[in-house]
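Here is the structure we will look at, set down as structure tokens.
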Amino acid sequence: MILQKQFYLRDDVVQVSKDLLGKFLVTEIDGKRTSGMITETEAYRGLDDKACHAYNNRRTKRTETMFREGGRAYVYLCYGIHHLFNVVVGEEGVANAVLIRAIEPVDNIPVIQKRRKIDKLKPQLTAGPGVMSKALGIKTILDGTTLLTKLNTIWIEDRGIQIEEVDIQAAPRIGVDYAEECAEWPWRFYIKNSRWVSKK
DNA sequence: AAGAGGATGAACT
DNA sequence: GTTCATCCTCTTG
């Protein structure tokens, strides 16, 4: 079942971030369908989170996507190289998002390996926000695109897997040392025991 | 108009 | 542990 709008419109971006664990991120790009199970996420909140691009509800050309209604992709270029994929969360006007940091490859793994130029099946393939996007063919051109229909190129499915609270590990987010006290907030979540996580 | 720096990853020593 | 690839966005003047 493709995730519906209500899933994304919730106000609690931290809860949505946890709920995305165990869901399946699917893309259909260059005529090839690839997917993976989400194993690692991070929550970002525009209102009061200094690590968020839209901190203090700051609107710029780049952050405008985050203010849109939940259920769209927010994709931006990091360090001039990496395309980072986020899910926009919340009602229109609320700048919340969830960064997808890692997946466990599921569908069409050979295509994923080819995109990554890696022959083996190992975490390096899809564990990390930049390589995850590369594995699924996600680029900044997808910024603002809806996740709510399979007619498009990217969406998220629930395939009946439920990740229990005890199997979720919370930790501070990666690479946000500049965010002062917010840097310590435990808003990074990953599936315990999964090897498909960017860092232990 | 110019400059700094970033929600990273890979290849080094 | 360190370096650096590489480019867009935002800030400053």
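Note on naming: letters A, B, ... go to the chains in the order of the sequence lines (proteins, then strands), and numbering restarts at 1 for each one.
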A:Tyr74 OH to C:dC8 C1': how many Å, rounded? 11 Å

Boundaries of the chain A footprint along DNA chain B (any atom under 4.0 Å from a heavy atom): B:dG6 to B:dA10

Side chain of A:Arg58, backbone of A:Tyr55: donor and acceptor closer than 3.5 Å? no

Sort out the partner of B:dA1 for me: Watson-Crick or G-U wobble, both distances under 3.5 Å, none otherwise. C:dT12

To the nearest angstrom, the OH-C1' distance between A:Tyr76 and C:dT9 comes to 12 Å

Would you kindly give the NE2-to-C1' distance between A:His82 and C:dC8, to the nearest whole Å? 14 Å

When clusters are formed by joining ILVMFWY residues with side-chain heavy atoms under 4.5 Å apart, either directly or through shared neighbours, do A:Leu21 and A:Ile156 land in the same one? yes

Look at all strands and tell whether A:Arg62 reaches a base, only sugar-phosphate, or nothing, counting heavy atoms closer than 4.0 Å. sugar-phosphate

Whom does C:dT6 pair with, Watson-Crick or G-U wobble, provided both distances fall under 3.5 Å? none

Candidate nucleotides C:dT6, C:dC10, C:dC8, ranked by approach to the side chain of A:Ile81 - the nearest: C:dT6

From the list A:Lys18, A:Arg173, A:Arg101, salt bridge (Lys or Arg N to Asp or Glu O under 4.0 Å) partner of A:Glu42 resolves to A:Arg101

Would a line drawn from the ring center of A:Tyr76 to the ring center of A:His53 be shorter than 6.0 Å? yes

Using a heavy-atom cut-off of 4.0 Å across all strands, would you classify A:Leu84 as base, sugar-phosphate, or nothing? sugar-phosphate

More than 12 heavy atoms from other groups under 6.0 Å of NZ on A:Lys192: yes

Enter the distance from A:Glu104:CD to A:Thr126:OG1 here, rounded to the nearest 0.5 Å. 8.0 Å

Starting from P on C:dG1, measure out to NZ on A:Lys199 and report it in whole angstrom. 11 Å

